[in-house]
> 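Take this structure first; my questions come after.
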Amino acid sequence: MLKIFRKYTKIIIWIVVGSFILWGGYSVSALKKEGRYAGEVFGKPVTFQEFNQFHRATQLFMPSEKPLEDEELLRHYTWQNIIYAREAKRSGIKITDEDVQNEIASILRQQGLTNPTPEQYRIWLTRSLNMSPRDFEEGLREFMRIQKLLRVKIAGFAPEGSDKLTDEKAKEEVAEKQKIAFMAWTNDVNNRAALKDYLALPQAPVEVAEDTEAPASATPAPAPETSVAAEKN
């Protein structure tokens with residue numbers, strides 16, 4: 001996608017990958033709400049409209065220049081961003097209209113558009129991203145909110161005086177400790193969020209014939225697969 005958006009996910013990428021490992025996945029729910037909502041986060045439903053907004057914004061703000069082709073991974077990133085956004089709101093993180101407008105102006109300048117009219121702005125969004133100004137700005141606001149939360153948290157995990165370190169090895173050690181602390185925090189947020197992903201499809205169990213005896217030297221049949229039950233965020 002657009003290179004301008006890379007800065008929004010430089011931090012998120014290793015956090016999400018790491019927290020997948022720590023947390024283990026998402027809970028899949030078969031509740032009757034499944035047909036009315038995309039899922040549930042922090043005990044509150046996530047509408048299909050909200051999920052689709054974050055799904056599209058996540059596609060735009062991914063650090064790669066090409067769209068993410070793995071739909072399941074994209075869904076995981078989308079849910080992680082929804083959780084981060086709600087945690088940011090719960091933490092009182094605010095992004096003003098002026099903040100959004102300044103960021104839009106910066107984006108447009110990097111696209112060669114200086115002081116465009118509202119109509120030129122709309123045309124650029126339609127042709128480049130196939131989005132309306134409202135959808136684009138709402139998605140941008142939420143990702144700015146997420147980044148602000150992440151910056152605050154990461155800075156909070158830096159030891160006092162670490163910004164004055166000159167030894168490269170010492171800097172790497174501090175950075176690694178920050179990552180570990182941040183992933184632990186993300187794991188805690190994911191647990192508190194108690195995500196119920198109504199869009200995830202549980203894996204079908206493997207059927208094993210009961211009456212067939214395997215030779216003593218045969219490899220035992222694999223145990224049936226189950227859907228992931230531990231929730232992230």
Side-chain angles (χ1 to χ4, degrees), residues 1-23 25-28 37-42 44-91 93 95 99-100 103-104 106-107 110-111 124-126 128-151 153-154 182-183 185-187 189-190 193-201 228 231-233:
M1 303 307 291
L2 298 177
K3 293 181 180 180
I4 182 72
F5 299 133
R6 289 190 177 190
K7 66 180 180 179
Y8 290 102
T9 46
K10 288 169 67 176
I11 302 173
I12 295 176
I13 295 304
W14 55 258
I15 290 172
V16 173
V17 172
S19 58
F20 282 160
I21 297 172
L22 283 175
W23 183 52
Y26 298 93
S27 63
V28 179
Y37 300 108
E40 185 176 311
V41 170
F42 289 111
K44 296 182 180 180
V46 176
T47 65
F48 285 105
Q49 180 180 2
E50 180 180 3
F51 180 86
N52 289 336
Q53 175 192 340
F54 273 89
H55 187 272
R56 177 58 173 144
T58 299
Q59 288 177 309
L60 288 177
F61 299 131
M62 290 300 291
S64 60
E65 295 190 22
K66 295 181 179 180
L68 186 63
E69 296 180 356
D70 188 331
E71 181 57 39
E72 182 177 3
L73 184 57
L74 178 57
R75 192 183 80 251
H76 286 324
Y77 277 117
T78 300
W79 279 120
Q80 182 67 78
N81 286 325
I82 290 173
I83 291 171
Y84 277 144
R86 289 199 176 184
E87 177 65 13
K89 289 179 181 178
R90 288 159 58 91
S91 300
I93 301 294
I95 300 296
D99 293 333
V100 175
E103 190 62 36
I104 290 173
S106 176
I107 291 171
Q110 294 192 38
Q111 298 303 308
W124 175 78
L125 282 176
T126 301
S128 301
L129 305 176
N130 193 29
M131 295 181 73
S132 69
R134 179 178 179 181
D135 289 342
F136 176 73
E137 290 163 17
E138 287 181 352
L140 180 60
R141 184 189 300 273
E142 292 307 320
F143 269 77
M144 291 176 68
R145 194 193 309 275
I146 290 169
Q147 278 291 297
K148 190 172 183 178
L149 172 69
L150 300 187
R151 287 196 302 270
K153 289 299 178 180
I154 289 177
F182 197 100
M183 285 189 291
W185 171 80
T186 293
N187 187 53
V189 172
N190 289 343
L195 167 65
K196 292 185 175 68
D197 182 4
Y198 303 155
L199 302 177
L201 297 177
V228 286
E231 206 243 316
K232 175 191 179 203
N233 253 347

> What's the separation between atom CG in Leu74 and atom CD in Glu72, rounded to the nearest 0.5 Å?
11.0 Å
> Please report the interatomic distance CH2(Trp124) to CD1(Ile107), rounded to the nearest 0.5 Å.
6.5 Å
> With rounding to the nearest 0.5 angstrom, report the OG1 to CG distance, Thr78 to Leu73.
9.5 Å
> Rounded to the nearest 0.5 Å, how far does CG of Leu150 lie from CZ of Phe182?
4.5 Å
> Is it true that Arg75 and Asp197 have a side-chain N and a carboxylate O under 4.0 angstrom from each other?
yes
> Donor-acceptor check, side chain of Arg86 to backbone of Phe42, threshold 3.5 angstrom: yes or no?
no
> Quick one: does Glu142's side chain get under 4.5 Å of Asn81's, heavy atoms only?
no
> Can you tell me how far apart CD (Gln53) and CD1 (Ile82) are? Round to the nearest 0.5 Å.
9.0 Å
> In a check of side chain to side chain contact (heavy atoms under 4.5 Å, CB included) between Phe143 and each of Leu60, Thr58, Ile95, which one passes?
Thr58
> Hey, are the side chains of Glu40 and Tyr198 touching, using non-hydrogen atoms and a 4.5 Å cut-off?
yes
> Evaluate the side-chain proximity of Glu87 to Trp185: yes if any heavy-atom separation is below 4.5 Å, no if none is.
yes
> Find out whether Met144 and Arg141 are in side-chain contact, i.e. whether some heavy atom of one side chain is under 4.5 Å from a heavy atom of the other.
no
> What are the two closest non-hydrogen atoms of Pro45 and Glu50, and how far apart are they?
O-OE1, 4.4 Å
> Heavy atoms, side chains only, cut-off 4.5 Å: are Glu137 and Met131 in contact?
no
> Might you point out which heavy atoms bring Leu125 and Pro133 nearest each other, and give the distance in Å?
CD1-CA, 3.4 Å
> Closest heavy-atom contact between Ala57 and Gly139?
CB-CA, 4.1 Å
> Any heavy-atom pair between the side chains of Phe51 and Leu199 that's under 4.5 Å?
yes
> Which pair of heavy atoms, one from Ala85 and one from Phe54, lies closest together, and at what distance?
CB-CZ, 3.6 Å
> Could you tell me which non-hydrogen atom of Ser91 sits nearest to which non-hydrogen atom of Leu149, and how far apart they are?
OG-CD1, 4.3 Å
> Do any N or O atoms from the side chain of Arg56 and from the backbone of Asp135 form a donor-acceptor pair under 3.5 angstrom?
no
